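A quick note: this is a predicted structure, and the numbers were derived from the prediction, not measured.
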Amino acid sequence: MGGVEQQILTAVVAVVGVPLVLLGYIILGERVIERLPDSVQEWIRPYFWALPAIGFATIFMVYPLLRTVVISFRNNADTSWVGLNNYVYFFTFPDTLTSLRNSLLWLVFYTFFAVGLGLIIAIMLDRVRYESLAKIAIFLPVPISAVAASIIWKFMFDYQNPGSVQTGTLNAALTAVGQQPVAWLVNSATNNAALIFVGIWSITGFCMVIISASLKAISSEVMEAARIDGANEFRIVQLIVTPLLWPTITVVGTTMIINALKTFDIVYVLTSGAYDTDVIATQMFRQLSNAHYARAAAVGVVLFIAIVPLLVINIRRFQQQEEIR
């Protein structure tokens with residue numbers, strides 16, 4: 001069977017076969033459960049409905065994760081164990097250390113400015129007449145895919161040699177006021193900052209919307225009481241608004257940290273990780289491209305270990321909010 005026929009067969013199985021199997025599982029399973037005593041039905045039905053999801057999660061998530069962990073301790077040919085060699089490589093080789101440094105830069109600056117700007121904008125636009133219009137304008141980059149946003153900013157950052165016509169918007173503006181053009185994506189002094197800026201530009205609207213929704217839930221009577229007591233707007237934000245928004249800020253912040261750690265699209269489209277802009281995800285992709293599968297697996301495990309605690313924090317935060325409700 002040729003490659004095209006194999007792909008068609010796989011698509012048919014995925015689109016038609018899997019839903020039919022699930023439908024048969026539900027129909028036949030329910031018929032069997034209905035014949036059982038009521039007490040048994042009540043006990044077994046949740047497990048019956050959860051079983052397909054658990055099965056899919058095990059096949060497509062748990063097994064690949066465990067397999068990746070195993071491969072990270074083996075050689076590239078998967079023929080022998082090499083212990084911690086792949087991890088030692090990751091934490092000692094200059095290129096991988098550069099990617100780790102850049103990921104930390106993303107984690108700090110991307111998270112701080114995305115959440116901080118989202119909070120400031122949400123507070124500043126709260127209850128003003130043009131609030132909806134301003135929020136729509138700020139939210140516009142969010143639906144744009146990271147690849148499309150990167151292409152937009154690639155034109156913005158475009159650089160030509162001094163004396164040539166600058167096609168990049170930023171360099172055209174610089175030369176218009178008599179300044180020299182800047183190689184934003186090549187110069188190591190500016191490229192990481194430029195990439196992080198693109199990420200902040202594309203996600204600040206999301207942070208603003210989430211924080212703004214929580215801000216609307218704060219009782220206006222509380223703030224009015226503070227104003228009557230003589231508190232100015234800054235003190236109200238400092239002592240009332242920010243503490244009440246802190247659970248939301250925490251959730252948004254941890255989500256942004258996760259986004260920062262798994263950043264790939266923006267870096268790959270704009271620089272492909274060149275000029276010392278590699279991050280952990282692009283480093284993993286590069287190792288895979290060079291057939292260094294064990295090293296790539298080790299990078300993936302490191303990334304997973306970094307993200308899991310943040311996921312746990314978010315889950316616990318959601319549980320605490322549910323308990324309060």
- Item | Interatomic spacing from CD1 in I27 to OH in Y25 - rounded to 0.5 Å | 13.0 Å
- Message: If we ignore hydrogens and angles and just use 3.5 Å, is the side chain of S202 paired with the main-chain N or O of G199 as donor and acceptor?
- Response: yes
- Task: Please name the pair of heavy atoms, one in A281 and one in K262, separated by the smallest distance, quoted to 0.1 Å.
- Result: CB-O, 4.2 Å
- Query: Do V299 and L100 belong together in a cluster built from hydrophobic side chains that touch within less than 4.5 Å?
  - Reply: yes
- Note on the structure: Separation between CD1 (I240) and CD1 (I218), nearest 0.5 Å, reads 9.0 Å
- Item | Exceeds 12 heavy-atom contacts within 6.0 angstrom, atom CZ of F155 | no
- Hey, are the side chains of D126 and K216 touching, using non-hydrogen atoms and a 4.5 Å cut-off? yes
- Which of these, N191, N171, T190, D158, sits in a side chain to side chain donor-acceptor pair (under 3.5 Å) with W184? N171
- A189 backbone acceptor or donor facing N187 side chain under 3.5 Å: yes
- Item | Heavy-atom check, side chain of L170 versus side chain of L174, under 4.5 Å | no
- Query: Rounded to the nearest 0.5 Å, how far does OH of Y275 lie from CG of L185?
  - Reply: 9.0 Å
- Item | Same apolar cluster (I L V M F W Y, side chains within < 4.5 Å links), V70/Y63 | no
- Find out if a path of hydrophobic residues (ILVMFWY) with successive side-chain heavy-atom gaps under 4.5 Å connects W246 to F112. yes
- Item | Test item: R286 side-chain N/O and S272 main-chain N/O as donor-acceptor pair under 3.5 Å | yes
- Quick one: CD1 on I266 to CD1 on I151, what's the gap to the nearest 0.5 Å? 12.0 Å
- Note on the structure: Closest non-hydrogen atoms of I71 and A294, given as atom of the first, atom of the second and distance, are O-CB, 3.6 Å
- Task: Measure the OG1-CG distance between T263 and L261 for me, rounded to the nearest 0.5 Å.
- Result: 7.5 Å
- Message: Using modelled atom types and a 3.5 Å cut-off, is there a donor and acceptor pairing between side-chain atoms of S150 and backbone atoms of V269?
- Response: no
- Item | F109 atom CZ, neighbour heavy-atom count above 12 within 6.0 Å | no
- Query: So do L22 and P52 actually touch side chain to side chain, heavy atoms under 4.5 Å?
  - Reply: yes
- Message: For a 4.5 angstrom cut-off between non-hydrogen side-chain atoms, does M256 reach F206?
- Response: yes
- Single-linkage hydrophobic cluster, 4.5 Å side-chain cutoff, I144 and F139 together: yes
- side chain to side chain contact (heavy atoms under 4.5 Å, CB included) between M124 and I121, worked out: CA-CA 5 Å; M124 291 181 64; I121 294 170; 5.8 Å; no
- Message: Are Y130 and L125 packed together at the side-chain level, in the sense that at least one heavy-atom pair is separated by less than 4.5 angstrom?
- Response: yes
- Message: Does I196 form a side chain to side chain contact (heavy atoms under 4.5 Å, CB included) with F113? I'd like the steps, not just the answer.
- Response: CA-CA 10 Å; I196 294 171; F113 283 103; over 6 Å; no
- Query: V252 pairs by side chain to side chain contact (heavy atoms under 4.5 Å, CB included) with which of T254, T250, T248, T255?
  - Reply: T248
- Query: What class does the angle between the rings of F60 and F56 fall in, given that below 30° is parallel, 30 to 60° is tilted and above 60° is perpendicular?
  - Reply: parallel
- Task: With the side chain counted from C-beta on, respond yes when W106 and V267 share a heavy-atom pair under 4.5 Å apart, and no when they do not.
- Result: yes
- Message: Here's a test for you: under side chain to side chain donor-acceptor pair (under 3.5 Å), which of D276, N192, T277 qualifies with T271?
- Response: T277
- Item | Shortest non-hydrogen separation from E131 to S212 and the atoms involved | OE2-OG, 4.3 Å
- Message: Quick one, T96 and D278 - any side-chain contact, counting heavy atoms below 4.5 Å?
- Response: no
- Message: Distance check, rounded to the nearest 0.5 Å: C207 atom SG versus I120 atom CD1?
- Response: 12.0 Å
- Query: Which residue pairs pass the salt bridge (charged side-chain N to carboxylate O under 4.0 Å, His left out) test when at least one of the two sits in residues 31-48, sequence neighbours left out?
  - Reply: E30-R45
- Task: Find out whether I33 and F48 are in side-chain contact, i.e. whether some heavy atom of one side chain is under 4.5 Å from a heavy atom of the other.
- Result: yes
- Answer yes or no: is there a donor N or O on one side and an acceptor on the other, between the side chain of T204 and the main chain of W201, under 3.5 Å? no
- Note on the structure: With F90 as partner, the option from L84, V302, L97 fulfilling side chain to side chain contact (heavy atoms under 4.5 Å, CB included) is V302
- Message: If you count heavy atoms of other groups shown closer than 6.0 angstrom to CZ of F93, is the number above 12?
- Response: yes
- Item | F73 atom CZ: more than 12 heavy-atom contacts under 6.0 Å | yes
- Would you please test V301 and N86 for side chain to side chain contact (heavy atoms under 4.5 Å, CB included) and show each step? CA-CA 11 Å; V301 172; N86 295 314; over 6 Å; no
- Message: Using every non-hydrogen atom in the two residues, find where I211 and A122 come nearest and quote the distance to one decimal.
- Response: CG2-CB, 4.1 Å
- Task: Any chance you could lay out the side chain to side chain contact (heavy atoms under 4.5 Å, CB included) test for V198 and Y110, step after step, and finish with the verdict?
- Result: CA-CA 9 Å; V198 175; Y110 172 87; over 6 Å; no
- Any sub-3.5 Å donor-acceptor pair from Q287's side-chain atoms to H292's backbone N or O? no
- Message: Let me check something: do M156 and F197 share a hydrophobic cluster, defined by ILVMFWY side-chain heavy atoms less than 4.5 Å apart, either directly or through other members?
- Response: yes
